[in-house]
Amino acid sequence: MASIFGRVYCFLLAALLPPAPISLLDLAAEHASYQAELDAAWRATAQEAAFIQGPAVQAFANELGSWLGGAHVVPCANGTDALTLTLLSLGLPPGAEVIVPAFTYIATLEAVALLGLRPVLADVRPDTFMLDPAAVRAALTPRTGAVLAVHLFGQCADLEDLAKICSAAGVALVEDNAQALGATFTFASGKTAYAGTVGKVGTTSFFPSKNLGCLGDGGALFTRDAAHASLLQRLANHGQAQKYDHQHIGLNSRLDTLQAALLRVKLRHLPAAQAARQALGACYDAGLADMPGLHIPARDPRSSHVFHQYTLRIEGDGRREALRQHLAQHAIPSAIYYPLPVHQQPAYAYLGYGAGQFPVAEQLCQQVLSLPLHPGLTGAQLDYIIASTRAFFAV
Ligand SMILES: *Cc1c(COP(=O)(O)O)cnc(C)c1O
């Protein structure tokens with residue numbers, strides 16, 4: 001009883017007193033408790049002056065790899081390059097098809113298109129927002145070279161079915177894990193694996209807003225295959241095994257020593273940040289579970305959720321926009337990830353897909369709304385957001 005009263009009291013208080021300004025992302029607040037560690041890393045890097053491929057890069061790769069259960073980690077310049085390097089490493093013939101979700105960030109398709117491969121879209125599931133295995137199966141052709149699954153918003157795609165489909169078809173499973181670093185998936189066999197370490201290659205991004213963000217651009221590749229890790233390493237560094245010995249056409253895509261040094265600091269604080277995100281996600285779930293027309297994020301019981309985003313689905317014509325405005329009037333920012341499915345982006349019109357072809361992705365673009373969720377968000381701010389959201393549905 002006491003806790004229910006406490007909660008109700010919180011909602012009332014929160015409705016009366018707006019707390020400190022709320023932002024979608026507050027990296028300064030997140031860094032504040034370990035700013036001195038970041039400063040020390042910065043200074044040491046400047047003094048050592050090994051700015052490209054300095055010792056912090058491999059040290060960070062080793063530390064992240066052991067955090068991810070022993071995967072090989074190859075750092076690179078950003079998450080989009082990680083996808084490009086992955087596709088280069090697969091050696092697919094020109095025009096080979098790569099199956100991608102119709103609901104994702106555009107970077108997932110860019111690498112495919114730029115390499116002269118063909119993005120083949122598959123619709124997503126309305127509950128998890130991620131690749132529908134049945135749609136993937138239907139999209140397979142003799143030309144399919146890879147399936148590119150995206151772990152959207154912090155939860156794993158259906159790795160069980162996708163891995164099965166890919167191995168039966170003899171195509172590579174690639175995981176775009178820019179949004180779910182640290183999430184785990186438990187297979188029917190009882191085996192549990194980290195997102196990004198199940199497919200042939202997994203990729204991630206250290207863009208500042210990601211769960212493990214650096215202070216600029218950065219990315220990495222994951223694989224369990226040592227020989228493939230070494231290929232990826234060469235591809236990310238001009239295709240060279242040794243200086244001036246270029247075995248492949250590669251990229252200049254290296255993680256700066258400075259970013260690696262800062263990421264070593266942030267990796268030490270990632271478990272606490274992840275626990276904070278999960279606690280905030282659970283509070284949102286409890287506070288918003290019973291609102292008509294509002295769907296809280298569906299949980300796949302096989303996956304943990306690291307809440308890169310807390311994304312609602314709002315049903316009803318114009319309701320999403322009305323809620324967005326209501327929140328804005330209460331000084332609560334919200335965001336739409338993503339407003340347009342990839343097949344309706346002008347640059348991808350050449351693929352020839354039409355409106356209505358991916359109905360789930362198209363509907364999600366009309367209905368999704370992400371609320372602020374970051375480790376710097378306070379309990380008072382969270383309660384205020386919940387109370388303000390509830391007030392919209394109560395009228
Ligand atoms: C952020 C992101 C990327 C791209 O990462 P960058 O480091 O910005 O290049 C790719 N895919 C998804 C799903 C992302 O969220």
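Scope of the values below: all heavy atoms of this structure, side chains included, with no hydrogens, waters or symmetry mates. Each residue takes its place number in the sequence, starting with 1. Everything numeric in this text was worked out from a predicted model, so none of it was measured.
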What pairs meet the side chain to side chain donor-acceptor pair (under 3.5 Å) rule with one or both residues in residues 178-193, with sequence neighbours excluded? Gln179-Tyr338, Thr184-Ser304, Thr186-Thr192
Quick check: closest heavy atoms across [X] and [Y], and the distance to 0.1 Å?
X	Y	answer
Leu270	Asn211	CD1-O, 3.5 Å
Leu369	Ser334	CD1-OG, 3.6 Å
Leu24	His374	O-CD2, 3.4 Å
Arg277	Phe307	NH1-O, 3.1 Å

For Leu258, which fellow cluster members are found when Ile, Leu, Val, Met, Phe, Trp and Tyr are connected by side-chain heavy-atom distances below 4.5 angstrom, either directly or through intermediates? Tyr34, Leu38, Trp42, Leu215, Leu262, Val265
What orientation do Phe153 and Phe103 show, parallel under 30°, tilted 30 to 60°, or perpendicular over 60°? perpendicular
side-chain hydrogen bond (donor to acceptor under 3.5 Å, both in side chains) evaluation trace for Gln155 with His308: CA-CA 8 Å; Gln155 197 172 209; His308 175 58; over 6 Å; no
Between Glu175 and Lys200, is there a salt bridge with N-O shorter than 4.0 Å? no
Does this structure show an ion pair linking Asp132 with Arg137, if we count only N-O contacts that are shorter than 4.0 Å? no
Val147 and side chain to side chain contact (heavy atoms under 4.5 Å, CB included): which single residue from Ile165, Val100, Leu131, Val98 fits? Leu131
[X] side chain to [Y] backbone, donor-acceptor under 3.5 Å:
X	Y	answer
Ser388	Tyr384	yes
His330	Ile332	no
Lys266	Cys214	no
Thr257	Ala50	yes
Ser23	Leu25	yes
Arg264	Ala59	no
Gln58	Pro55	no
Ser303	Cys156	yes
Thr197	Ala193	no
Arg320	Gln366	yes

Nearest-0.5 Å distance that lies between atom [atom1] in [X] and atom [atom2] in [Y]:
X	Y	atom1	atom2	answer
Asn237	Gln242	CG	CD	12.0 Å
Leu382	Leu373	CG	CG	7.5 Å
Leu88	Ser253	CG	OG	10.5 Å
Lys164	Phe187	NZ	CZ	9.5 Å

4.5 Å side-chain heavy-atom contact, [X] and [Y]:
X	Y	value
Leu121	Tyr353	yes
Ile386	Leu288	yes
Pro208	Leu27	yes
Ile314	Phe393	yes
Asp158	Met130	no
His31	His269	no
Gln240	Asp245	no
His305	Gln278	no

Compute the centroid of each ring, for Phe222 and then for His72, and state whether the two points are separated by less than 6.0 Å. no
Between Thr203 and Thr86, is the side-chain hydrogen bond (donor to acceptor under 3.5 Å, both in side chains) condition met? List the steps. CA-CA 8 Å; Thr203 65; Thr86 298; 5.6 Å; no
Could you please spell out the steps behind the side-chain hydrogen bond (donor to acceptor under 3.5 Å, both in side chains) verdict for Arg313 and Gln367? CA-CA 5 Å; Arg313 197 160 64 76; Gln367 295 188 339; 2.8 Å; yes
Might you work through the salt bridge (Lys or Arg N to Asp or Glu O under 4.0 Å) test for Glu97 and Arg118, ending with a clear yes or no? CA-CA 5 Å; Glu97 297 173 355; Arg118 184 162 185 88; 5.5 Å; no
side-chain hydrogen bond (donor to acceptor under 3.5 Å, both in side chains) assessment of Tyr105 paired with Asp176: CA-CA 10 Å; Tyr105 182 55; Asp176 179 344; over 6 Å; no
